[in-house]
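Note sheet for the following structure.
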Amino acid sequence: MNFLKETNMTQATTPTTMRAVTQDAPGGPEVLKVVETARLVPDRTEILVRVQSAGVNPADWKTRARGRFATGAEPPFILGFDVSGVVEATGPGVTIFKPGDEVFGMPRFPHPAGAYAEYVTAPARHFAHRPKALDHTQAAALPLAALTAWQALVDTADIQPGQRVLIHAAAGGVGHLAVQIAKARGAHVIGTARRAKHAFLRTLGADELVDYTEVDFAEAVRDVDVVLDTIGGSYWERSLRTLRRGGSLISILPLDETFPAEQADAAGVHAVFMLVEPDQAGLRQIAALVDGGRLRVAVDAVFPLEKAAEAHALGEAGRTTGKIVLSVRGPGGPAFGPGSPMRGR
């Protein structure tokens, strides 16, 4: 009887709704709005995560602008893929997490994950334990960008010690993590970035830096084994000229009809489009690098959930160093990076 009373009291105090950022139509940052919606319930093999922080990525503002996910989901929807939070409940069959565990992940990508909310549900194996060295703000900045860099450079290119790796937009969200992952693998790292960001990139271990506003990297860089291209367009053709025969060009943008396939074949270059996937094993490797002091994440700015529109506007301006994060449950800890740690508050 006492047990029943205790259970009923717990159920009565459990919130049945949550705050989330949604949109009803495509458009600019102004279409984003905070609403109260039904709280989620974990299904079989899923966990319910109480979100502390959510990362903001180019995929978010591109989805918002076109009003449709790449998988076809249309408004209304909740944006966001990067999550750091605390396990609130587990669905049937989950054995690797329990309520109270602190986790981070990139659930469901490229399908909607709904990270811009107070709670998310997703398969348990789309998450890993949060790195001990990071708070939730920093951990939320990691999953999509770090997994992209890891899956491109390690799983796809299998870079080896001594290889020369060229990373475009090296100070960006994916780029600054890719620099460190490549260095951890023993590579010689060359990055393209504005001169103002060179000092920052040197602290991450970059060996050579090219200011793309002053110099054509295709003329300045030669004998590269792997190129990680986060830009596309004219960068594809120019990157081919930097590669050794037998080298690899890995693009995180689809190789469309503008890609010079014949030129790549003639140069003996392997070119591939890579789309990041949820990956618990990769998250564990990334967490090990972080806790081992070999990987740091730069957080340029942190916004409260209700200012998601301002976060998108900043991201679309294209001048951030590292990542932007939404604080869902209040300010996180100190952020590593050159920007204001709580810009927009």
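Since the structure is predicted, the reported quantities are computational estimates derived from the model, not experimental observations.
- The side-chain heavy atoms of Glu118 and Arg329, taken from C-beta on, include a pair separated by under 4.5 Å.
- His129 places no side-chain N or O within 3.5 Å of a backbone atom of Asp101 that could act as its donor or acceptor partner.
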If you apply the rule side-chain contact (heavy atoms from CB on, under 4.5 Å), what do you find for Asp155 with Asp279, and how did you get there? CA-CA 11 Å; Asp155 294 343; Asp279 179 5; 4.1 Å; yes

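- Gln263 places no side-chain N or O within donor-acceptor distance of the main-chain N or O of Leu240, the cut-off being under 3.5 Å.
- Between Thr71 and Pro112, the closest side-chain pair of non-hydrogen atoms falls below 4.5 Å.
- The ring-ring contact (aromatic ring centres under 6.0 Å, His included) search around Phe217 returns His168, Tyr235, not counting sequence neighbours.
- At a threshold of 4.5 Å between non-hydrogen side-chain atoms, the residues Arg39 and Leu48 count as touching.
- Under the ring-ring contact (aromatic ring centres under 6.0 Å, His included) criterion, no residue pair touches residues 16-55, with sequence neighbours excluded.
- With contacts defined as side-chain heavy-atom distances shorter than 4.5 Å, the pair Leu283/Pro143 qualifies.
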Given Phe69 and Phe77, is the ring pair (Phe, Tyr, Trp, His ring centres under 6.0 Å) satisfied, shown in steps? CA-CA 9 Å; Phe69 277 81; Phe77 49 59; 4.8 Å; yes

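- Taking CG from Leu40 and CD1 from Ile78, the interatomic distance works out to 7.0 Å, rounded to the nearest 0.5 Å.
- Annotation: salt bridge (Lys or Arg N to Asp or Glu O under 4.0 Å) contacts of Glu74 (sequence neighbours excluded): none.
- Residues His176 and Thr321 are not in side-chain contact: their nearest non-hydrogen atoms beyond the backbone lie 4.5 Å or more apart.
- Side-chain contact between Gln138 and Arg296: absent, with no pair of heavy atoms (C-beta onward) separated by less than 4.5 Å.
- Taking 4.0 Å as the cut-off between side-chain N and carboxylate O, Asp207 and Arg164 do not count as a salt-bridged pair.
- Residues satisfying the side-chain hydrogen bond (donor to acceptor under 3.5 Å, both in side chains) test with Glu30, not counting sequence neighbours, are none.
- The list of ring-ring contact (aromatic ring centres under 6.0 Å, His included) pairs with a residue in residues 16-40, not counting sequence neighbours, is empty.
- Applying the side-chain hydrogen bond (donor to acceptor under 3.5 Å, both in side chains) rule to Arg222 yields no partners; only residues at least two apart in sequence or on another chain are considered.
- Between Leu204 and the choices Val179, Leu295, Val189, the side-chain contact (heavy atoms from CB on, under 4.5 Å) rule is met once, by Val179.
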Name every donor-acceptor pair, under 3.5 Å, that has one atom in a side chain of residues 242-251 and the other anywhere in the protein, sequence neighbours excluded.
unit_1, atom_1, unit_2, atom_2, d
Thr242, OG1, Ser239, O, 2.7
Arg244, NE, Asp223, O, 3.0
Arg244, NH1, Asp225, OD1, 3.1
Arg244, NH1, Asp225, OD2, 3.3
Arg245, NH1, Ala266, O, 3.0
Arg245, NH1, Ala267, O, 3.3
Ser251, OG, Trp236, NE1, 3.3
Ser251, OG, Leu253, N, 3.0
Ser251, OG, Leu253, O, 2.7

Validation: residues 79-87 side-chain donor-acceptor distances under 3.5 Å, sequence neighbours left out:
unit_1, atom_1, unit_2, atom_2, d
Asp82, OD1, Leu144, N, 2.8
Asp82, OD2, Asn57, ND2, 2.9
Asp82, OD2, Lys323, NZ, 3.4
Ser84, OG, His136, ND1, 2.8

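- Between Thr192 and Leu166, some side-chain heavy-atom pair lies under the 4.5 Å cut-off.
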Taking it one step at a time, do Glu36 and Arg19 satisfy side-chain contact (heavy atoms from CB on, under 4.5 Å)? CA-CA 5 Å; Glu36 197 82 11; Arg19 289 187 310 145; 3.6 Å; yes

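- Under the side chain to side chain contact (heavy atoms under 4.5 Å, CB included) criterion, Ala133 pairs with Val290, Asp291, sequence neighbours left out.
- Residue pairs satisfying the side-chain hydrogen bond (donor to acceptor under 3.5 Å, both in side chains) criterion with at least one member in residues 105-114, sequence neighbours excluded, are listed as follows: Glu46-Arg108.
- The ring-ring contact (aromatic ring centres under 6.0 Å, His included) check on Tyr116 picks up His312, with sequence neighbours excluded.
- Annotation: side chain of Phe259 is not in contact with side chain of Glu237 (no heavy-atom distance under 4.5 Å).
- The ring-ring contact (aromatic ring centres under 6.0 Å, His included) search around His188 returns none, not counting sequence neighbours.
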